[in-house]
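In this chain, numbering begins with 1 at the start of the sequence shown.
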Amino acid sequence: MTNIRLTLQYDGTRYLGWQRPEKDGYNKTVSYRLSSVLEKMTGSPVTLYAGTKTEPGVHALEQTVSFVTDAFSDIEMLHQDLDHYLPMDIRILHCEAAPERFRADLNARSRTYEYRICTAPVYNIFTAAYTAHVCPAPDISAMETAAGYLKGRHDFRFFSGAKKKKGTEKELTGITFRKSDDTGNDADTLILSLTANDFLYRMPSLIIGTLLEIGQGKRAPESILHIFDGTEKAGAPCEAKGLLLKSVQY
C-alpha cells in the first residue's frame, strides 16, 4: 500500500465546498469529483483526507489531500492521469509518496485563508470572480483593533455555523491586512489573511464578515468581546467568491 499526498488547487464557484453528506449535495463537491476519478482509475473506493474542508463557493490555492492505495507505482503517471481526467477547475500541483503515517487532516499544524476585496469605485470585471467589492474601502485601523481581540486562543463557537458544544476552542495566530495589486504594488485591492491551528465550520467567513462590518463603521471593534460572550451575534458571512484557502502548513 502507498500513501499518496496531493497538493491541488480549485475554483470553488460551482461546488458546494470540499465535502457534504450524500443526502445534501455530495455529488456537487470537490471531494466527490476527485474521489470519482480515483475510483475509476483504481477500480475501488478511495478515502480522502483533506487539510481543511472549504465551504461552498470558496476557492483553494493550495489544498492538501492524502489517500492510501495499492493501485499506483508510477507517481508521475498518476499526476498526469489526474490532470487529464479531472475537470479544468481542479488542478494537481504536486503528487508524491508520503510517509506511511501521514494524514492530511491530522498532521496539519495550521491553515491560512485569504480574503480579497476590490475597493475601487468601478468593480474590476476581470478579477470579479475571485474578489468581493467593498467601496469605499473599509477602515483598516478599526479592523486591526478588532483583530487584537481575535488573536490568541478563544472559544470561537459564536463565530461558527456548527452546533457542536465541544472542540470549539481554537488558536488564531495571525490576522494581517495589506493592499496590493497583481504586481505587488499598493492599489485598490485589500487582502485580509487569517491563520489558525484549525477553523470551525464557517469560522473564516464569519470572522471576515464581522471585521468588514467593523471596518465599515457598522459596529465597534469591541463588539468582538461581546460576540465571544454570546451577547452579540457575529456579522453576516463574507461573500464566498473572495475567500481562498491559501495553504495548509505541516
Student check: side-chain heavy atoms of [X] and [Y] closer than 4.5 Å:
| X | Y | result |
| --- | --- | --- |
| V248 | R111 | yes |
| P237 | E55 | no |
| L48 | L38 | yes |
| L82 | L34 | yes |
| L150 | F159 | yes |
| Y32 | Y15 | no |
| Y130 | R116 | no |
| K151 | I175 | yes |

Within the distance-only criterion (no hydrogens, no angle test), does the side chain of [X] pair as donor or acceptor with the backbone N or O of [Y] below 3.5 angstrom?
| X | Y | answer |
| --- | --- | --- |
| T112 | T195 | no |
| S66 | A104 | yes |
| S223 | A220 | yes |
| H59 | D11 | no |
| R91 | L86 | yes |
| N197 | E171 | yes |

Test of understanding: clusters of I, L, V, M, F, W, Y form through side-chain heavy atoms closer than 4.5 Å, transitively. Do [X] and [Y] belong to the same one?
| X | Y | result |
| --- | --- | --- |
| F199 | Y115 | yes |
| L243 | L61 | no |
| W18 | L245 | no |
| V58 | L244 | no |
| Y201 | L172 | no |

### Task
Step by step, work out the side chain to side chain contact (heavy atoms under 4.5 Å, CB included) result for T210 and R219.
CA-CA 9 Å; T210 303; R219 59 168 77 198; 4.2 Å; yes
### Task
Would you sort out whether V30 and T54 count as a side chain to side chain contact (heavy atoms under 4.5 Å, CB included), showing the intermediate values?
CA-CA 9 Å; V30 179; T54 52; 5.6 Å; no
### Task
Look at the rings of Y123 and H133 and say which category their plane angle falls in: under 30° parallel, 30 to 60° tilted, over 60° perpendicular.
parallel
### Task
Evaluate the ring planes of F228 and F156, with Trp represented by its six-membered ring, and classify them as parallel (under 30°), tilted (30 to 60°) or perpendicular (over 60°).
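Answer is perpendicular, since the angle exceeds 60°.
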### Task
Tell me, with the steps shown, if I214 and I224 meet side chain to side chain contact (heavy atoms under 4.5 Å, CB included).
CA-CA 9 Å; I214 291 169; I224 298 296; 4.0 Å; yes
Can you name the residues that form a side chain to side chain donor-acceptor pair (under 3.5 Å) with [X], not counting sequence neighbours?
| X | result |
| --- | --- |
| T119 | none |
| N3 | none |
| K170 | none |
| D74 | none |

### Task
Give the minimum heavy-atom separation between R20 and P56, together with the two atoms involved.
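Closest heavy-atom pair between R20 and P56: NH1-CG, 3.5 Å.
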When rounded to the nearest 0.5 angstrom, what distance separates [atom1] in [X] from [atom2] in [Y]?
| X | Y | atom1 | atom2 | value |
| --- | --- | --- | --- | --- |
| L8 | H79 | CG | NE2 | 10.0 Å |
| R157 | I227 | CZ | CD1 | 15.0 Å |
| L192 | M143 | CG | CE | 6.0 Å |

### Message
For the residue pair E62 / T7, report whether a side-chain donor-acceptor contact shorter than 3.5 Å exists.
### Response
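Per modelled atom types, T7 and E62 side chains form no pair under 3.5 Å.
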### Message
Go through it in stages, so that I can follow the logic: the residues are T29 and Q19, the test is side-chain hydrogen bond (donor to acceptor under 3.5 Å, both in side chains), and I'd like the CA-CA distance, side-chain angles, deciding distance and then a yes or no.
### Response
CA-CA 6 Å; T29 63; Q19 185 176 12; over 6 Å; no
### Message
Would you say CE of M88 has more than 12 non-hydrogen atoms from neighbouring residues, nucleotides or ligands within 6.0 angstrom?
### Response
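Incorrect, the count does not exceed 12.
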### Task
Tell me, yes or no, whether the heavy-atom count around K53 atom NZ, taken from other residues, nucleotides or ligands under 6.0 Å, exceeds 12.
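No.
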### Task
Tell me, please, which residues at least two apart from Y149 pass ring-ring contact (aromatic ring centres under 6.0 Å, His included).
none
#### Entry: All salt bridge (Lys or Arg N to Asp or Glu O under 4.0 Å) counterparts of D70, not counting sequence neighbours
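With sequence neighbours excluded, D70 shows a salt bridge (Lys or Arg N to Asp or Glu O under 4.0 Å) to no residue whatsoever.
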### Task
Please determine if R5 forms a cation-pi arrangement with Y250, meaning its NZ or CZ atom is less than 6.0 Å from the six-membered ring centre and no more than 45° off the ring axis.
yes
#### Entry: Check against side chain to side chain contact (heavy atoms under 4.5 Å, CB included), I4 and L6
CA-CA 7 Å; I4 304 294; L6 303 176; 3.9 Å; yes
